[in-house]
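This report refers to the structure that appears directly beneath it.
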Amino acid sequence: MKFIKKALKYLLYFILLVTAFGFIASLLFGPSDEELEAARIANEKAEIEASNKLKESFLNDGISMWAKQDVNIRKSAGVEEGFFSDNKSSVLNENQKIIASNEEENGFIKIADENGNYLGWVSKKYLMTKPYTKEEINIRKREKEKKLADEREKKNIEAQFSPWDGSHKLSVKIIKSRLRDPNSFEHNSTRYINRVDGKITVFTNFSATNLFNARITQEWIGMFDKNTGDLIEVVKDIE
């Protein structure tokens, strides 16, 4: 036991001695500030030379292409095209001119801006060999505006309906206000017609008790504003 303790003691001394020697050696023989600065400058110079060489390669051997749509520029082509990746570096705008190299990997192609400055990798299927004409740009602009308008309209209409049972929220409220016993209301089904005049016609099928406490099924029809959800007209009221 004494031998083990003694051995461990000398081992600890040895480790401390080696550590101290390494620290002193780094102070005495490590690179000076001037050497570190020179290395930094040399490294920057090498990076600039490599960048200029890459730029020259794009300008001399690259092919002019344009983006079909807004598309992510990737830092690398390390994933197969079509699979999610978090290595996005920036975005290429629709109809933006770029220079494409002949380097292709996983469906991605290495690109630079029109001045030859390296950008990254882009999915080749989102590039085209000629730009959109003014007419094509206007057509695409109108298509985008219509798509956005349709999406807003869809959201506005969907917001009028219950996500639980598909009932039209304002229709149910109006129907209940007209019933002798609002608590007897039971929703059966709801459908609507999306009109071209900025309105929707809602058909609500429900059951409720009448004056004689008998449960009857009815259909209430109302016309509403697509965007605001306001009631425009009661087409068919409850009996």
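At distances below 3.5 Å, at least one donor-acceptor pair connects side-chain atoms of Gln218 with backbone N or O atoms of Glu239. In this structure, the side chain of Asp70 engages the main chain of Glu94 through a donor-acceptor pair within 3.5 Å. For the pair Thr228 (side chain) and Asp225 (backbone), a donor-acceptor distance under 3.5 Å is absent. With Tyr192 contributing its side chain and Met223 its backbone, the two residues share no donor-acceptor pair below 3.5 Å. The main-chain N or O of Tyr118 is never found under 3.5 Å from a side-chain atom of Lys110 such that the two would form a donor-acceptor pair. A donor-acceptor contact shorter than 3.5 Å is absent between the side chain of Lys226 and the backbone of Asn156. The backbone N or O of Ser207 lies less than 3.5 Å from a partner atom in the side chain of Arg215, making a donor-acceptor pair.
Using cut-offs of 30° and 60° on the angle between ring planes, the pair His168 and Phe224 is tilted.
The shortest non-hydrogen separation linking Ile216 to Asn210 is CG2-ND2, 4.0 Å. The nearest pair of heavy atoms linking Ala100 to Ile109 is CB-CD1, 3.9 Å. Of all the heavy atoms in Asn227 and Glu153, the pair that sits closest is OD1-CA, 4.3 Å. Considering all non-hydrogen atoms of both residues, Ser184 and Asp181 come closest at OG-O, 2.6 Å. Residues Phe185 and Lys176 share a closest heavy-atom pair of CD2-CE, 3.6 Å. Residue Lys124 comes nearest to Glu104 through the heavy atom pair NZ-OE1, 3.3 Å, listed as atom of the first residue, atom of the second, then distance.
To the nearest 0.5 Å, the span separating CD1 on Ile98 from CG on Asn93 amounts to 12.5 Å. Interatomic distance, CD of Glu47 versus CG of Asn52, reported as 12.0 Å (0.5 Å rounding). Atom CD1 of Ile200 sits about 11.0 Å away from atom CG of Asp197, to the nearest 0.5 Å. Summarising the geometry, atom CD belonging to Glu114 is positioned 10.5 Å from atom CG belonging to Leu59; distances are rounded to the nearest 0.5 Å. Atom-to-atom distance recorded for Ile221:CD1 and Phe203:CZ is 5.0 Å, nearest 0.5 angstrom. Distance CD1/Ile99 to CE/Met65: 12.0 Å, rounded to 0.5 Å.
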**OP:** Please test Gln160 against Leu170 for side-chain contact (heavy atoms from CB on, under 4.5 Å), starting from the C-alpha separation and ending with a verdict.
**Re:** CA-CA 7 Å; Gln160 298 182 38; Leu170 184 52; over 6 Å; no

Subject >> Test log, rule side-chain contact (heavy atoms from CB on, under 4.5 Å), inputs Leu92 and Ile111 >> reply: CA-CA 10 Å; Leu92 194 63; Ile111 66 167; 4.2 Å; yes

Original post:
Can you list the steps and then say if Lys146 with Asp150 is a salt bridge (charged side-chain N to carboxylate O under 4.0 Å, His left out)?
Top reply: CA-CA 6 Å; Lys146 185 180 185 305; Asp150 290 344; 2.8 Å; yes

Original post:
Stepwise, does the salt bridge (charged side-chain N to carboxylate O under 4.0 Å, His left out) test hold for Lys199 with Glu233?
Top reply: CA-CA 10 Å; Lys199 306 169 188 175; Glu233 179 186 351; over 6 Å; no

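Using a 4.5 Å heavy-atom cutoff, the side chains of Lys55 and Asn117 are in contact. Residues Ile238 and Phe206 have side chains in contact (heavy-atom distance under 4.5 Å, counting atoms from C-beta outward). At least one side-chain heavy atom of Ser64 sits under 4.5 Å from a side-chain heavy atom of Lys97. For the pair Asp113 and Phe58, the minimum side-chain heavy-atom distance is 4.5 Å or more. Side chains of Asn106 and Arg74 form no contact here, defined as non-hydrogen atoms less than 4.5 Å apart.
Ion pairing between Lys130 and Glu136 fails under the 4.0 Å rule for side-chain N and carboxylate O.
The 12-atom threshold is exceeded at CD of Glu44, counting heavy atoms of other residues, nucleotides or ligands nearer than 6.0 Å. In Ile63, the CD1 atom is not crowded: 12 or fewer heavy atoms of neighbouring residues, nucleotides or ligands sit closer than 6.0 Å. The environment of Glu219 atom CD is dense: over 12 non-hydrogen atoms of other residues, nucleotides or ligands sit within 6.0 angstrom. Shown here is Lys169, whose NZ atom has more than 12 heavy atoms of other residues, nucleotides or ligands within 6.0 Å. Surrounding NZ of Lys154 are at most 12 heavy atoms belonging to other residues, nucleotides or ligands under 6.0 Å away.
Paired with Asn188 under the rule side chain to side chain contact (heavy atoms under 4.5 Å, CB included), one option of Asn205, Thr204, Asp165 passes, and it is Asn205. For the side chain to side chain contact (heavy atoms under 4.5 Å, CB included) test with Trp220, the passing option among Asp237, Val202, Thr190 is Asp237; the others fail.
Cluster membership check: Leu54 shares its hydrophobic cluster with Trp121, using side-chain heavy-atom separations under 4.5 Å among Ile, Leu, Val, Met, Phe, Trp and Tyr. The hydrophobic cluster containing Tyr126 does not contain Trp66, counting ILVMFWY residues as joined when their side-chain heavy atoms lie under 4.5 angstrom apart, directly or transitively. By the rule that hydrophobic residues join a cluster once side-chain heavy atoms approach within less than 4.5 Å of another member, Ile193 and Val235 end up as members of one cluster. One hydrophobic cluster holds both Val71 and Ile73 under the rule that ILVMFWY side chains link at heavy-atom gaps under 4.5 Å. Linking Ile, Leu, Val, Met, Phe, Trp and Tyr residues whenever their side-chain heavy atoms come within less than 4.5 Å places Leu231 and Val172 in a single cluster.
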